[in-house]
Asks: 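Mind looking over this structure? Questions follow.
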Amino acid sequence: MPHIVFNKTDLISTPSSKDGVDFKFIAKSYNFTSYERSTEYKIAVENENKEFLLTIKDKDDNQMIKSDKITRVAPITIVKDALNSYVASINPTVVFSNTNTINQKAEPLKEYLKDINYFVDEFETNKEIQIEVGFGSGRHLLHQAKNNPDVQFIGLEIHTPSIEQALKQMKLQDITNVLIVNYDARLFMEFIDSNKVGKIFVHFPVPWDKKPHRRIYSNEFINEALRVLKLDGTLELRTDSRKYFDYCTELLTNLPKGKITIDINKDLAVSSKYEDRWKKQGKNIYDVVLQSHTIDEALVIQKDFSFDFDINFEERIGKITTKSIVEKDFFVHIEDLFTIENEKNSGLIQLTMGNFDRPVSKYVIIRNGKFDYYQGTPIPTSSNIKAHNKLKEILK
Ligand SMILES: C[S@@+](CC[C@H](N)C(=O)[O-])C[C@H]1O[C@@H](n2cnc3c(N)ncnc32)[C@H](O)[C@@H]1O
């Protein structure tokens, strides 16, 4: 993480600018855990049209400035330039720095790597969609994409090296009908329109025998899969794990409607890396295919992250609970509170919220008693919306 350590000096005055970087305000930790650590400050900056925070705190007898993890922006040179400008404007003795921005590696071409927000706001296609969950080496996904050029494929994966490998292969093989997303497949379907998907492949998911709650398949996942599947579209599990097979067939045979087909040791045109491994070990391979027999209602995404009230922050700050609030399918945890220096009724609320499997960290900024999410609202998953409504209850 880029940071600079320097001898203690007064903080920069805000608002001010240096080398094209704007320093907008300073927020001071409200310090309800002050017995544990020294005072922490957040410095709001804008560089190359991007707004983010820097953290400044004591480090032994010195001070350290670093990027704030929650509001990090890309490319990292934007953050490093802001750190360098901060230090240039107060001119202290620098003890350590790793913010040299020369010789930065160019970002690899990521035309087909999409952020989840792309699927919330922009994604549209007239083509049939097919989705592969946890594509790993990408062998099956890319084979399908090459052989079905009229289909728009979406590959979901959470393992970054696998994603980079697939993007490289796509470039080498000139494959243009795949979009790759680094996102948890259990939550992704929430943003896909109903009745649009022809196939969902789940090949050799991690069996999680000891932690079944972490499995991809659950009642919620199956219901969301059925919603996005077209009439006669299929959800296709391929696994070497007898336990996973049994677990899934039980879930699927409890559905009110649909057709289930089971195969053992069926050959496919392409064998994935994991499939090769299990075959070598002489294991059975099970296929369970669910065919959708329903047409579902259109998707409506709730996006309301507004706050319909103001706050007297100075009066309320000491009473805001920092205890985690945990409900069945979401949680909210206020991690820290900050007051903005020299500004009345203004501050930052640092929080973690949403789904347990994919929590989001955000700041809410309060200026003159009015709330806003810093750097934009969270992704509108149903858990984030529920967490937001709980947050409103806490702050009201
Ligand atoms: C056992 S590997 C199988 C990979 C590939 N399908 C194959 O057959 O070779 C499981 C893959 O699923 C990915 N994965 C695990 N949980 C996931 C999730 N919640 N969302 C998306 N991918 C996930 C893992 O990173 C891993 O690459």
Side-chain angles (χ1 to χ4, degrees), residues 1-31 37-108 110 115 117 335-351 360-368 370-377:
M1 159 129 28
H3 63 282
I4 306 175
V5 181
F6 49 89
N7 67 345
K8 266 188 199 165
T9 42
D10 289 341
L11 296 175
I12 198 171
S13 51
T14 55
S16 61
S17 293
K18 175 84 180 162
D19 306 333
V21 179
D22 292 334
F23 298 95
K24 300 193 150 198
F25 64 79
I26 295 176
K28 182 180 179 187
S29 169
Y30 181 64
N31 248 348
R37 55 181 180 180
S38 66
T39 306
E40 186 174 305
Y41 294 90
K42 299 287 173 190
I43 301 179
V45 294
E46 184 171 343
N47 188 18
E48 298 191 23
N49 293 324
K50 291 193 177 165
E51 289 196 41
F52 51 98
L53 300 174
L54 302 175
T55 301
I56 191 158
K57 58 182 182 186
D58 288 352
K59 184 172 169 42
D60 307 324
D61 293 335
N62 297 308
Q63 254 170 350
M64 173 166 71
I65 187 159
K66 60 180 183 174
S67 66
D68 167 76
K69 272 195 285 209
I70 298 174
T71 61
R72 219 184 295 172
V73 291
I76 195 75
T77 45
I78 292 182
V79 179
K80 288 185 172 182
D81 286 344
L83 292 168
N84 290 335
S85 299
Y86 181 89
V87 171
S89 70
I90 52 169
N91 204 18
T93 307
V94 173
V95 179
F96 173 85
S97 167
N98 61 0
T99 57
N100 190 342
T101 53
I102 298 164
N103 291 334
Q104 292 294 316
K105 268 202 278 172
E107 287 265 302
K110 287 184 176 166
D115 187 81
N117 283 311
E335 309 265 355
D336 208 347
L337 296 157
F338 296 82
T339 51
I340 295 181
E341 305 263 88
N342 309 321
E343 258 186 54
K344 276 215 157 117
N345 204 9
S346 299
L348 290 170
I349 301 174
Q350 183 187 339
L351 53 114
V360 283
S361 294
K362 287 294 291 178
Y363 287 96
V364 169
I365 182 164
I366 299 153
R367 295 208 102 156
N368 219 351
K370 296 201 183 316
F371 300 95
D372 221 338
Y373 280 94
Y374 190 72
Q375 287 187 330
T377 55

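Start at 1 with the first residue, then count along the sequence.
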Asks: Look only at the side chain of N47 and the backbone of I78, and say whether a donor-acceptor pair between them is shorter than 3.5 Å.
Replies: yes
Asks: Looking at side-chain heavy atoms only, is the closest gap between E51 and Y374 below 4.5 Å?
Replies: yes
Asks: Ignoring hydrogens and angles, tell me if any N or O in the side chain of N98 forms a donor-acceptor pair with the backbone of M1 under 3.5 Å.
Replies: yes
Asks: Going from CD on E40 to CG on D58, what distance comes out if it is rounded to the nearest 0.5 angstrom?
Replies: 10.5 Å
Asks: Under the salt bridge (charged side-chain N to carboxylate O under 4.0 Å, His left out) rule, what do D61 and K8 come out as? Steps first, then yes or no, please.
Replies: CA-CA 7 Å; D61 293 335; K8 266 188 199 165; 5.9 Å; no
Asks: What distance separates I70 CD1 from Y363 OH, expressed to the nearest 0.5 Å?
Replies: 4.0 Å
Asks: Checking I90 against D10 for the side-chain contact (heavy atoms from CB on, under 4.5 Å) test, could you report, in this order, the C-alpha distance in whole Å, the side-chain angles of both residues, the deciding distance, and whether it holds?
Replies: CA-CA 8 Å; I90 52 169; D10 289 341; over 6 Å; no
Asks: Please check this pair: side chain of Q375 against backbone of T71, looking for a donor-acceptor N/O pair closer than 3.5 Å.
Replies: yes
Asks: Is any side-chain heavy atom of T55 less than 4.5 Å from a side-chain heavy atom of K42?
Replies: yes
Asks: Is V21 close to N84 at the side-chain level, that is, under 4.5 Å between some pair of heavy atoms?
Replies: no
Asks: Can any side-chain N or O of S89 pair as donor or acceptor with the backbone N or O of V87 at less than 3.5 Å?
Replies: no
Asks: Apply side-chain contact (heavy atoms from CB on, under 4.5 Å) to residues F338 and L53 and explain how you reach the verdict.
Replies: CA-CA 12 Å; F338 296 82; L53 300 174; over 6 Å; no
Asks: Any heavy-atom pair between the side chains of F52 and V45 that's under 4.5 Å?
Replies: yes
Asks: Are any side-chain N or O atoms of D22 and backbone N or O atoms of K24, one a donor and one an acceptor, separated by less than 3.5 Å?
Replies: no
Asks: So does T93 get a backbone contact from the side chain of N7, meaning a donor-acceptor N/O pair under 3.5 Å?
Replies: yes
Asks: Just by distance, no angles: are the side chains of T39 and K57 close enough, under 3.5 Å, to form a donor-acceptor pair?
Replies: no
